[in-house]
Amino acid sequence: MSIAYLTSPLGTVLLEGDEEGLQRVAFLDEKIPQSENIPEALHDAFLQLEDYFAGKRSTFSLKLNPQGTDFQKRVWQQLAEIPFGKTTSYLQMAKDLGDPKVIRAAASANGKNPIAIIIPCHRVIGSDQSMTGYAGGIWRKKWLLEHESPVTQQSLF
């Protein structure tokens, strides 16, 4: 398994993966210097995330290999379909999965998403448009949503 560290406006981002695909993108609270030698397996992900943070990229074209249950993978696939600059609610996610009663399970799977940003779990908000939990921290979720907002303004939330 290869590892690289990217310095971003939101702190250090850990990238982890191999020739089978990217398995993890996570925010770290500790500051780790940006990797100078990027492993081949992570090169494209590293460059695409740099472009994303620079405002030059709104979609990703990467081989992903998240590890989880079949249900979690269904939820993560659904998350990957949320367009850049758009949001959805946990309730809508559950409905799209075919059963509004799975809202808690869908929210739990969302919270266990191992590939931040690229599988955009930050685009899921409360039905009342409220900010809800985010494994990377609510302040990062706000930043990401404002970064992706098609409307330039002082603050989205």
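Residue numbers start at 1 and run along the sequence shown.
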ask   = Is the shortest heavy-atom distance from the side chain of L144 to the side chain of L10 under 4.5 Å?
value = yes
inquiry  = So Y90 and R104, do their side chains get closer than 4.5 Å, heavy atoms only?
reply    = no
task = State the CD1-OH distance between I32 and Y5, to the nearest 0.5 angstrom.
result = 4.5 Å
ask   = Hey, what do you get for CD1 (I119) to CD (E81), rounding to the nearest 0.5 Å?
value = 11.5 Å
D18 vs Q23 side-chain heavy atoms within contact, under 4.5 Å = yes
query = So L79 and T88, side chain to side chain contact (heavy atoms under 4.5 Å, CB included) or not? Walk me through it.
reply = CA-CA 9 Å; L79 290 171; T88 192; 5.8 Å; no
task = Could you state whether I82 and W143 fall into the same hydrophobic cluster, counting links through intermediate Ile, Leu, Val, Met, Phe, Trp or Tyr residues with side-chain heavy atoms under 4.5 angstrom apart?
result = yes
query = M93 versus V102: any side-chain heavy-atom pair under 4.5 Å?
reply = no
request  = Drop me the distance from R123's CZ to E148's CD, to the nearest 0.5 angstrom.
outcome  = 4.0 Å
ask   = Does any N or O in the side chain of K56 come within less than 3.5 Å of the main-chain N or O of E50, such that one atom is a donor and the other an acceptor?
value = no
request  = With rounding to the nearest 0.5 Å, note down the distance linking CD in Q72 to CG in N113.
outcome  = 9.5 Å
key: Whether over 12 other heavy atoms sit under 6.0 Å from E40 CD   = no
ask   = Considering all heavy atoms of both residues, which atom of T12 and which atom of K31 are nearest to each other, and what is their separation?
value = OG1-CA, 3.6 Å
pair H122-R140: side-chain heavy atoms closer than 4.5 Å = no
Nearest heavy atoms of V75 and A106, plus distance in Å = CG1-O, 3.9 Å
query = Are F60 and L14 connected, step by step, through hydrophobic side chains (Ile, Leu, Val, Met, Phe, Trp, Tyr) whose heavy atoms are closer than 4.5 Å?
reply = no
query = Do you know the tightest heavy-atom contact between L6 and Q34?
reply = CD1-OE1, 3.5 Å
Side-chain heavy atoms of I125 within contact of L145, under 4.5 Å = yes
inquiry  = With a 4.5 Å cut-off on side-chain heavy-atom distances among I, L, V, M, F, W and Y, is there a chain of contacts connecting Y52 to L28?
reply    = no
task = Measure the spacing between CE of M1 and CD of E19 and express it to the nearest 0.5 Å.
result = 8.5 Å
request  = Could you pull out the closest heavy-atom pair between G111 and A135, with the gap in Å?
outcome  = O-CB, 4.1 Å
request  = Of all the heavy-atom pairs spanning P9 and F53, show the shortest one and how long it is.
outcome  = CD-CD2, 3.5 Å
message = Restricting to non-hydrogen atoms, name the atom on S8 and the atom on G11 that form the minimum distance, rounded to 0.1 Å.
response = OG-O, 2.7 Å
query = With a cut-off of 6.0 Å (strictly less than), are more than 12 heavy atoms of other residues, nucleotides or ligands near NZ of K73?
reply = yes
query = For E36, does the CD atom have more than 12 heavy-atom neighbours from other residues, nucleotides or ligands under 6.0 Å away?
reply = no
ask   = Is there a path of hydrophobic side-chain contacts, each under 4.5 Å between heavy atoms of I, L, V, M, F, W or Y residues, that connects L47 with V13?
value = no
key: Reported CG-to-CD distance for the pair L97 and Q77, which is rounded to 0.5 angstrom   = 11.0 Å
key: Joint hydrophobic cluster, L62 plus I3, side-chain heavy atoms closer than 4.5 Å   = no
